[in-house]
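Since the structure comes first, as structure tokens, the remarks are kept for the end.
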Amino acid sequence: MDWNKTKTIFIVVFSILNIFLYTLYFKQRSDAQNVALIGRTSIEEVLKQDNITYDIPQNVKTKSSYISAKIATFSKDELEGLKDQSIVLLENDTMIQAKLTADLAVKDANKHYQFDHFLANYVYAGNEYTLWEVNETEQKAVFFQVAGEEPIYFSPNAMLTVYWDDEGNITGYTQKMLKSFSNYNHKDLLTPVEAVGSLVTRGYVKPDSKVREVKLGYSTLVQLQETQVFAPTWNVHVELKDGEMEDHFINAIEGKVIEFHLDPPQETEDPEVEEE
């Protein structure tokens, strides 16, 4: 073995690692300073300069906790009570793929999307999910599982996706969920206005926009094989000058902007379910 050559390789590798760690530290420090700086100046003045308006409730949480949870597994016995559907368990029994065997309209008599009855009567623990988006083009609706009262944003292990056909009848759904929630490490939160101001100074919220809502939820912080840790996260819902809507997410404790890049396995069109 050429020890001098090996030593040189180790030195280069550790140098690169040190540069990477310093860069990461510097970015996190800059993000924190950015939030602090906008607090010292006037957030209202920054928003006024960019003609950004907002209507944010004053009575919001000022403290929250990190949470952890385990990926739930399902058994056929606990799903027996679900009517008018055939079910297949996938991904080591952590995913339900269901096909409805009865007609169930996705809209009510007034042609409004209506999922309450479906969630209550056809989905296991359906009351633990809240609607995020209706995609009329792909004929599906995406729901996020809630922890307490707050949604868990874009976790593939805490999502429900419902599909319907051209006649407006629900055809089936895919479902994954979390269980055994624990809270820990109670922390002060950025205020909604601070979160908006931080997004503005970083260029995420465009001038002449309207902040329609700032809502607290959770996003994945650490993902292990069976357990996940989630951080409190502000969802900032923005209407652009042209009427288009955008959603931005920012860690409500650290001030880090979160961009989701997910391609969940349940994001398919009409689920094909084998009859048992």
Side-chain angles (χ1 to χ4, degrees), residues 23-67 130-133 135 142 144 146-156 158-159 185-223 228-263:
T23 302
L24 186 63
Y25 165 78
F26 183 78
K27 183 179 185 305
Q28 291 178 339
R29 182 179 175 85
S30 296
D31 288 345
Q33 288 175 339
N34 188 26
V35 173
L37 177 61
I38 194 169
R40 289 196 298 269
T41 59
S42 170
I43 296 176
E44 287 77 9
E45 187 62 30
V46 171
L47 300 181
K48 184 178 179 181
Q49 288 174 358
D50 284 349
N51 192 31
I52 295 172
T53 59
Y54 62 94
D55 184 14
I56 301 173
Q58 298 301 312
N59 297 324
V60 295
K61 285 188 176 181
T62 59
K63 292 179 176 289
S64 188
S65 303
Y66 293 96
I67 61 172
T130 185
L131 179 64
W132 169 253
E133 177 186 49
N135 188 321
V142 176
F144 294 154
V146 297
E149 298 179 352
E150 279 81 40
I152 302 171
Y153 298 122
F154 293 102
S155 169
M159 293 177 68
N185 207 0
H186 214 55
K187 294 284 187 177
D188 291 328
L189 300 179
L190 297 176
T191 67
V193 175
E194 287 173 338
V196 171
S198 183
L199 288 168
V200 171
T201 59
R202 299 181 202 183
Y204 286 93
V205 178
K206 300 177 179 64
D208 304 314
S209 297
K210 298 178 181 178
V211 177
R212 291 298 189 185
E213 184 179 25
V214 180
K215 185 175 181 180
L216 188 63
Y218 294 95
S219 63
T220 302
L221 183 66
V222 178
Q223 181 170 334
Q228 290 185 257
V229 178
F230 300 91
T233 301
W234 289 117
N235 166 215
V236 180
H237 190 57
V238 179
E239 181 181 353
L240 303 183
K241 185 178 181 180
D242 61 4
E244 184 181 350
M245 307 301 292
E246 288 185 347
D247 283 281
H248 302 282
F249 301 87
I250 183 169
N251 185 304
I253 295 175
E254 300 175 3
K256 178 182 178 181
V257 176
I258 302 163
E259 297 186 42
F260 295 101
H261 301 286
L262 295 176
D263 186 18

Got a second to check how far Ser65's OG is from Ile253's CD1, nearest 0.5 Å?
-> 7.5 Å

Considering residues at least two apart in sequence or located in another chain, which fulfil the side chain to side chain donor-acceptor pair (under 3.5 Å) criterion with Asp208?
-> Asn51

Check the pair Val257, Arg202 against side-chain contact (heavy atoms from CB on, under 4.5 Å), reporting the backbone distance first and the verdict last.
-> CA-CA 9 Å; Val257 176; Arg202 299 181 202 183; 3.0 Å; yes

Rounded to the nearest 0.5 Å, what separation is found between the CD atom of Glu213 and the CD1 atom of Ile56?
-> 10.5 Å

Nearest 0.5 Å please: distance from the NZ atom of Lys256 over to the CD1 atom of Ile250.
-> 11.5 Å

Approximate separation, where rounding is to 0.5 Å, of Ile43 CD1 and Glu45 CD | 12.0 Å

Residue pair Ile52 / Val200, side-chain heavy-atom distance below 4.5 Å | yes

Residues that Tyr54 engages under ring pair (Phe, Tyr, Trp, His ring centres under 6.0 Å), provided they are two or more places apart = none

Proximity of Phe154 and Phe144 rings by center, below 6.0 Å | yes

Check: Tyr204 and Glu259 side chains under 4.5 Å, non-hydrogen atoms = yes

For Lys215, all residues meeting side chain to side chain donor-acceptor pair (under 3.5 Å), sequence neighbours excluded = none

Does some side-chain heavy atom of Pro232 sit less than 4.5 Å from a side-chain heavy atom of Asn251?
-> no

Any Leu47 side-chain heavy atom under 4.5 Å of Val196 side chain = yes

May I ask you to check whether Phe230 and Tyr66 place their ring centres under 6.0 Å from each other?
-> no

Close side-chain approach of Phe249 to Trp234, heavy-atom, < 4.5 Å = no

Closest heavy-atom pair, Thr191 versus Glu194, reported as atoms and distance to 0.1 Å, is N-OE1, 2.9 Å

Side chains of Val211 and Thr53: does their closest heavy-atom pair fall under 4.5 Å?
-> no

For Ser155 and Thr220, work out which heavy atoms get closest and say how close.
-> CB-OG1, 4.2 Å

In short, Leu199 meets His248 closest at the heavy-atom pair CD1-CB, 3.8 Å

Within the distance-only criterion (no hydrogens, no angle test), does the side chain of Thr201 pair as donor or acceptor with the backbone N or O of Ser198 below 3.5 angstrom?
-> yes

Looking at side-chain heavy atoms only, is the closest gap between Leu221 and Val229 below 4.5 Å?
-> yes

Output for pair (His237 NE2, Glu246 CD), nearest 0.5 Å, gives 10.0 Å

4.5 Å side-chain heavy-atom contact, Arg212 and Met245 = yes

Short side-chain to backbone donor-acceptor contact, Ser209 and Lys206, under 3.5 Å = yes

Answer yes or no: does atom CG of Asp242 have more than 12 heavy-atom neighbours from other residues, nucleotides or ligands under 6.0 Å?
-> yes

NZ on Lys61 to CG on Asp188, rounded to 0.5 Å | 13.5 Å

Taking every non-hydrogen atom, the tightest pair across Pro156 and Met159 | CA-SD, 4.0 Å

Please report the shortest heavy-atom distance between Leu190 and Gly255, naming the atom on each side.
-> CD1-CA, 3.7 Å

Does the side-chain contact (heavy atoms from CB on, under 4.5 Å) test come out yes or no for Thr62 and Leu189, once each step is laid out?
-> CA-CA 5 Å; Thr62 59; Leu189 300 179; 5.9 Å; no

List the atom of Tyr153, the atom of Thr233, and the distance in Å for their closest heavy-atom pair.
-> CE1-O, 3.8 Å

